[in-house]
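Side-chain atoms are counted along with the backbone in the values below, which use heavy atoms only and exclude waters and symmetry mates.
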Amino acid sequence: MKTNKTKSWMLFIILISFSAFEGEKVYAQFGPAINLSGNPSNSLAHSVAAEGSNVYVVWYDQGSSGIPEIFFRRSTDEGRTFMPVVNLSNTPGGSLLPQVATAGSEVYVVWEDDTGAPPFIKEIYFRRSPDQGVTWNPPLDMPPQNLSMTSATNSVSPMLAVAGPEVYVAWQENTSPKREIRYCRSTDAGGSFGVSMTLSDSMLDSFSPDIAAAGSNVYLTWVERILAGGTAGGESLEIRFSRSIDEGQTFELNINLSRTSGASLSPSVTTAGSAVYVAWRDESGTPADVPEILFAFSTDQGASFTSTVDPVTRFNVSETPLQASFAPRMAAAGSSFFFVWQDQLPGNFEIMLRSPSLLGPKAIEFSSRRPVNLSATPEDSRLPSVAVTGSNLYVVWEEGEVLSPGEIMFKRATPALGSSPDNLSANRSRPAITPNMAVDGSDVYAVWSQFPDAATGLEVFVRQSTDSGKNFSPRFNLSDRFGDSSHPRVAAAGQAVYVVWQEDADTPGVHDIFFRRSVNRGVTWDSPMNLSDFGGIFTNDSRAPTIAAIGSEVYVAWEDETTKDGSPQIFFRRSLDQGVTWDDPLQVTCEFTGKRFQAFAPGLA
């Protein structure tokens, strides 16, 4: 059994909302810490998973008896609050090194446990929840499921990956005379597992696995001790990679990703779309006892890697040659991916975060995204874990002083500028200009001007969102006429949305003010109306409109040159019935005899 160690740790988690603009990541400010464990004993070795607004954290805790158990807490509101602690293991033996993963409403947890017979032989145990961690199978009053079933050798260091109903578990099997990487899978959301199999084939030793999955692909990395330069050339520790493209039924490739002069350890793998990222700790620098974090990536589902093509394309993530870097972990979503690791800064260990840009099959840009110190405390911070969902990034780590009680701590950041920006104009080959936006409740409306193709002039487009900007409808051409339509402005009130713009469709270079409305949140639109062509009075340029709305009242102002001396003045019109009928135009600014006063760029609020 395990006894209390000489050092205690706290576990922190940070939720970060992020945004990408012009090659920069913008991070939020961090809020106060929340104590997830809330007891005086050691809390260690953690994992975090997230999907949608749900966050799941697992760790092991050495209670007053000194026997570690696996604990679980969940949040359904992006980490703002957490449900009570649940003991998932509740076994007479020591339970260590948990990992958690999620897909939809399913939550899966694995760990190593020495409860079996004979005593102190470690096995890989498993539980799953079909309802976001509310209930568990097997039930908590029954023993967990044993996945390894190898009572003669120790099964340790389990890792977990999920893709739909497929659940994949890899672990290190301490066989004699060498360690191996074993693996098993479930095709029914963890209801049952097939027989485990050995995936490594080293002559010497294989250990420290990690696993990731997406679609029908499964990616596995581990450390392998190999003979360097033949049987007389000594040994080296390298990072091996293997993949399956048939939902884990068979594996292929088994290639060496590191191939550096020093030891390569602690691999981490993650995937998003067709991209696969592998990071590891590397000791090939100078001096050798100051390791760095290196990584390689594939853009073709692991078929080829940058590091197997050209050693120059092994990228240095940490870039701290005088400070030791350890324990890399990664998470990816869409085109964003994130590194966390433990760095030996002056005086103590800290948790660092970095997010690069993927520029192409062999190109990464790091220069504009310097590492961020997430922990920044006087205590040692170690062994981070990371998960990402939507615009939220969650990071956990252990933190504590020697001989002090460790706790599981949670930090949530104030949301920053939002998620990576969506391209609303959706046509990079045609310039999009003069955007404007209106919001009413959860309804968001965006308008802009853009050339739809080379043969026509500028048009005014609109897109609307009914879920606070998470999703937008297809773009719709509001103007759709010859000539240039530009400088749109939009206002919204209740179910109604109103757009005005300037247009020179009838006489090139002479603009009118056009208005269009929708009374069903932008689903359908009435025909355009010319607000400046009032009985033929406005014959010169009308431009730069602005609009405001409240209730059923709509107000429009614009700049117009239809005056005695041709100088621009500000005109105004209003509607009291949601833009169906309009009062006569009113000149708001004044002209003085013999003097020329000009008024430009009106605004309404």
Side-chain angles (χ1 to χ4, degrees), residues 433-440 443 445-449 458-462 478-479 481 483-507 509-519 522 525-605:
I433 59 175
T434 61
N436 191 237
M437 180 172 288
V439 178
D440 187 84
D443 296 326
Y445 305 95
V447 295
W448 69 93
S449 301
L458 283 167
E459 301 284 9
V460 171
F461 291 91
V462 63
L478 286 176
S479 50
R481 286 159 55 91
D484 284 332
S485 303
S486 61
H487 295 83
R489 293 294 181 265
V490 60
Q495 299 282 314
V497 55
Y498 313 100
V499 181
V500 292
W501 67 90
Q502 68 182 46
E503 184 175 295
D504 67 351
D506 296 324
T507 304
V510 178
H511 298 86
D512 285 306
I513 304 303
F514 280 81
F515 166 86
R516 202 165 183 182
R517 71 168 191 155
S518 169
V519 293
W525 293 82
D526 293 351
S527 299
M529 177 186 300
N530 189 337
L531 292 184
S532 57
D533 186 17
F534 180 70
I537 294 176
F538 296 95
T539 58
N540 292 326
D541 229 9
S542 304
R543 59 175 66 238
T546 186
I547 189 169
I550 182 171
S552 61
E553 301 177 17
V554 188
Y555 308 95
V556 177
W558 69 91
E559 170 192 321
D560 205 294
E561 294 181 358
T562 303
T563 57
K564 293 178 180 179
D565 60 5
S567 62
Q569 299 295 325
I570 305 304
F571 284 79
F572 169 85
R573 293 189 79 171
R574 73 167 183 168
S575 169
L576 302 179
D577 54 8
Q578 293 186 315
V580 177
T581 62
W582 292 81
D583 292 349
D584 292 348
L586 173 67
Q587 183 176 333
V588 178
T589 53
C590 299
E591 299 172 79
F592 297 90
T593 303
K595 296 184 178 180
R596 184 182 178 91
F597 288 87
Q598 300 182 355
F600 304 93
L604 284 173

Any side-chain heavy-atom pair of Ile513 and Gln502 under 4.5 Å: yes
Side chain Ser552, main chain Leu576, donor-acceptor under 3.5 Å: yes
Any side-chain heavy-atom pair of Phe572 and Asp583 under 4.5 Å: no
Validation row: Trp525, Val499 side chains within 4.5 angstrom (heavy atoms): yes
Closest heavy-atom pair and its distance - Gln578, Ala496: NE2-CB, 4.0 Å
Worked check of side chain to side chain donor-acceptor pair (under 3.5 Å) between Ser542 and Asp512: CA-CA 5 Å; Ser542 304; Asp512 285 306; 4.7 Å; no
Geometric class of the Phe461/Trp448 ring pair [parallel <30°, tilted 30-60°, perpendicular >60°]: parallel
Asp443: side chain to side chain donor-acceptor pair (under 3.5 Å) partners, not counting sequence neighbours: Arg521
Pairwise distance CZ(Arg574) to CG(Asp584) - rounded to 0.5 angstrom: 11.0 Å
Pairwise side-chain contact, Asn530 with Pro528, heavy-atom cut-off 4.5 Å (strictly under): no
Atom pair OG1/NE2 of Thr546 and His487 - distance to nearest 0.5 Å: 12.0 Å
Note, Arg573 side chain near Phe515 side chain (heavy atom, < 4.5 Å): no
Partners meeting side-chain contact (heavy atoms from CB on, under 4.5 Å) with Ala438 (sequence neighbours left out): Val490, Ala492
Separation between CD of Glu559 and NE2 of His511, rounded to the nearest 0.5 Å: 11.0 Å
Val556 side chain near Trp582 side chain, heavy-atom distance below 4.5 Å: yes
Main-chain N/O of Val460 paired with Ser449 side-chain donor or acceptor, under 3.5 Å: no
Student check: side-chain heavy atoms of Phe514 and Ser485 closer than 4.5 Å: no
Considering all heavy atoms, the nearest Gly494-Asp440 contact: N-OD2, 3.4 Å
Set of side chain to side chain donor-acceptor pair (under 3.5 Å) partners for Arg516, sequence neighbours left out: none
Test item: Asp484 side-chain N/O and Leu458 main-chain N/O as donor-acceptor pair under 3.5 Å: yes
Pairwise side-chain contact, Ser518 with Val497, heavy-atom cut-off 4.5 Å (strictly under): yes
